[in-house]
Peer 1: 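Take this structure first; my questions come after.
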Number of protein chains: 2
Amino acid sequence: MSQANHQTILANIARHIELTPAEQARFIQLLTPKTIKRKQFLLNAQQVARHVAFVTAGCLRAYTIDDNGFEHVLQFAPADWWITDMYSFISQHEGDLNIDAIEDTEVLLLSRQDQLQLFDDIPKFERFFRIITEKSMVSSRKRLIDNLSLTAQERYNTFCNYYPTLINTIPQKQIAAYIGVTPEFLSKMRAQASKKG
Amino acid sequence: MSQANHQTILANIARHIELTPAEQARFIQLLTPKTIKRKQFLLNAQQVARHVAFVTAGCLRAYTIDDNGFEHVLQFAPADWWITDMYSFISQHEGDLNIDAIEDTEVLLLSRQDQLQLFDDIPKFERFFRIITEKSMVSSRKRLIDNLSLTAQERYNTFCNYYPTLINTIPQKQIAAYIGVTPEFLSKMRAQASKKG
DNA sequence: CCCATTTCTTAATCTAGGTTATTTGTACCC
DNA sequence: GGGTACAAATAACCTAGATTAAGAAATGGG
C-alpha cells in the first residue's frame, strides 16, 4: 500500500523528469507518509510549513480566515496534487494558511530542508519543482483573472470544470468559500439554474 | 548605458545566485535590448510570448480584456521587475495577456528557448528562476486572498503600499483596473478619504 | 437506529460597488 | 497656444450579491 503510494508520486514526477532507479530510491527515502483524518489539520496558520505534501488519497483544503472570521479557500488538493503554504514553506516563517482534511487523507511529506538538499544533489528535482511552480503560477493568475472578470455563476461553472471530482463530494459551503460568495447565494444560484434546466 | 542595464540585471540575479564572470558574459550575450515607447506593445493577446522581459527603465503593464471589454491589470513592472505572459511563455501557445508601456520603457529580453538552454548548461539559472517563480506565486496568492477578503478601500491601501512609486505616476484608471473597481468608484473613495484627512 | 450537529434552502431586506450621464481638468500635438 | 483627446470628479440611480433569520434535510458518531 505504501508501495502503491510511492508509485503514484513517482508517476507524478515522471510527467516532467526522468529518474534513474537510484535517484528514485534516494527520493523515496526522504518521504514521510502521514494519515490525516477528516477535519484534522496538516497545518495551522501561525505555524511554519516545514513540508510540502503530496496527496495519495482523500482530499485536503488550504484556506485563510479573514478579519471578519470568513474562510476563503485557496486550493483543494485531491489525490495526485501537491499542497503547502508556499509563503511559509519558502521563507520558513509563520504563515497564514490552514490546511485540513475534508475526508480521511494520506499524504507523503517532503521537508523544505530535504528538498533544498535534493536540489543541490540532483538538479533534475530543481527542474521538476521549477516546472510545477510555473504551472501553479499560471493557474493562480487564471483564478485571479476569473475573480476580477466573471460573475458568481460563471465562477461556479469554472469551478465545476476545474474540480469535476469534487462537486458531489465536498460540502457546498466549501465551494462557496472557494468561488467567493456566501453559501446562501450559491444555493440561490443553483436553484435558479435547475429551474432553467 | 547598455552596460548600466547589464549591471542592473546582474545585480538582480546576484540577489539569489552567484555567477562567475564567464557565466555572466554567457548570460549577457543571450539578452536582446529593446525600447518600448509609451502606449506601444511588447506583447498582444493572441500572440505567443517568446520572451520574458526584465525592465531596466520605465514601466510596463500586463492586462487582459474580458468579454465585456473591461481591462484587468495583472501586474505593473517598474524598473528591476520581470514580466511575461507566464502561460504563453511556458507553453509557447497563444496567450490572453497584453503587455504595453505606460511610459517610455527599456527592457532586456530573454527567449524561452535560450532560457531552457541556459537551464541545461548552467543549473544555477534554473535555481534563479525557480526562486523568483516561487516568489511570484506567493504574491499572486496574496493578491487573490486580498481580492476575496478585503473591501475596495482596503485593496487601494494595499496597492499604495505595494507599488509606492506608481501612485503619482500612473493614471488612476489603471489603479482601478488593478484593484478591481470602476474608475468612478475609486474617485469616490479618494474623495471620501480626503474629507476625513 | 437515533440524536446532535452540520449543511442546505428559502425569503425579506440591505449595501458595496456598478452604471450612466454630465462637467471639469489635463496633456499632448501640430 | 489652441484644439482634440483622454483623465478625473460628481451625482443620481441601479443591481449583484451580502445579511439576517428560520425552517428543512442530511450526515455522522455513538
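Below, read A as the first sequence line, B as the second, and so on, with proteins coming before strands; counting in each chain starts at 1. Because the structure is predicted, anything quoted here is derived from the model rather than measured.
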Peer 1: Please check if the number of heavy atoms outside Asn161(A) that lie under 6.0 Å from its CG is greater than 12.
Peer 2: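 More than 12 within 6.0 Å, yes.
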
Peer 1: Show each protein N/O and nucleotides 16-18 of chain D N/O combination with a separation under 3.5 Å, one pair to a line.
Peer 2:
| residue | atom | partner | partner atom | Å |
| --- | --- | --- | --- | --- |
| dG17(D) | OP1 | Ala152(A) | N | 3.1 |
| dA18(D) | OP2 | Thr182(A) | N | 3.2 |
| dA18(D) | OP2 | Thr182(A) | OG1 | 3.3 |

Peer 1: Flag this pair as yes if the NZ/CZ of Arg130(A) is under 6.0 angstrom from the six-membered ring centre of Phe125(A) and inside a 45 degree cone about the axis; otherwise no.
Peer 2: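 Cation-pi check for Arg130(A) and Phe125(A): fails.
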
Peer 1: Is a salt bridge present between Arg50(B) and Asp114(B), judged by a nitrogen-to-oxygen distance below 4.0 Å?
Peer 2: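 No.
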
Peer 1: Would you say the side chain of Trp82(B) lies within less than 4.5 Å of the side chain of Val55(B), judging by non-hydrogen atoms?
Peer 2: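 Result no, sub-4.5 Å side-chain heavy-atom pair not found.
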
Peer 1: Could you check how far CD of Glu103(A) sits from C1' of dT6(C), rounded to whole Å?
Peer 2: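 Whole-Å distance recorded here is 17 Å.
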
Peer 1: Any Lys/Arg nitrogen of Asp80(A) or Arg15(A) sitting under 4.0 Å from an Asp/Glu carboxylate oxygen of the other?
Peer 2: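 Counted as a salt bridge, because a side-chain N and a carboxylate O are separated by less than 4.0 Å.
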
Peer 1: More than 12 heavy atoms of other residues, nucleotides or ligands under 6.0 Å from CD of Gln113(A): is that the case?
Peer 2: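 It does not: Gln113(A) CD has 12 such atoms or fewer within range.
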
Peer 1: In whole Å, what is the span from the CG atom of Asp104(B) to the C1' atom of dC28(C)?
Peer 2: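 Distance, rounded to whole Å: 13 Å.
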
Peer 1: Are the aromatic ring centres of Phe159(B) and Tyr163(B) under 6.0 angstrom apart?
Peer 2: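 They qualify: ring centres under 6.0 Å apart.
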
Peer 1: Within this structure, what is the CD-to-P distance between Gln192(A) and dT15(D), rounded to whole angstrom?
Peer 2: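 So the CD-P distance, Gln192(A) to dT15(D), works out to 15 Å.
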
Peer 1: Taking side chain to side chain contact (heavy atoms under 4.5 Å, CB included) as the criterion, tell me which of Thr32(B), Ile9(B), Val52(B), Thr84(B) meets it with Leu110(B).
Peer 2: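 Checked Thr32(B), Ile9(B), Val52(B), Thr84(B) against Leu110(B); only one passes side chain to side chain contact (heavy atoms under 4.5 Å, CB included): Val52(B).
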
Peer 1: May I have the distance from Glu184(A) (atom CD) to dT19(D) (atom P), rounded to whole angstrom?
Peer 2: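 Roughly 9 Å, once rounded to whole Å.
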
Peer 1: Does the gap between the ring centers of Phe54(B) and Trp81(B) come in under 6.0 Å?
Peer 2: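 No, the ring of Phe54(B) stays outside the 6.0 Å limit from the ring of Trp81(B), centre to centre.
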
Peer 1: Would you kindly give the CG-to-P distance between Asn147(B) and dG17(C), to the nearest whole Å?
Peer 2: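 Spelled out: CG on Asn147(B) to P on dG17(C) is 11 Å.
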
Peer 1: Please list, pair by pair, any protein nitrogen or oxygen found under 3.5 Å from a nitrogen or oxygen in nucleotides 4-7 of chain D.
Peer 2:
| residue | atom | partner | partner atom | Å |
| --- | --- | --- | --- | --- |
| dA7(D) | OP2 | Lys173(B) | NZ | 3.2 |

Peer 1: Find out whether Tyr87(B) and Ile90(B) are in side-chain contact, i.e. whether some heavy atom of one side chain is under 4.5 Å from a heavy atom of the other.
Peer 2: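 Tyr87(B) does not reach Ile90(B) side chain to side chain.
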
Peer 1: Which letter, B, S or -, goes with each nucleotide of nucleotides 25-30 of chain D from 5' to 3', with contact meaning a protein heavy atom under 4.0 Å?
Peer 2: ---S--

Peer 1: Once you round to the nearest 0.5 Å, how far does CG of Leu97(A) lie from CE of Met86(A)?
Peer 2: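 Output value for this atom pair is 11.5 Å.
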
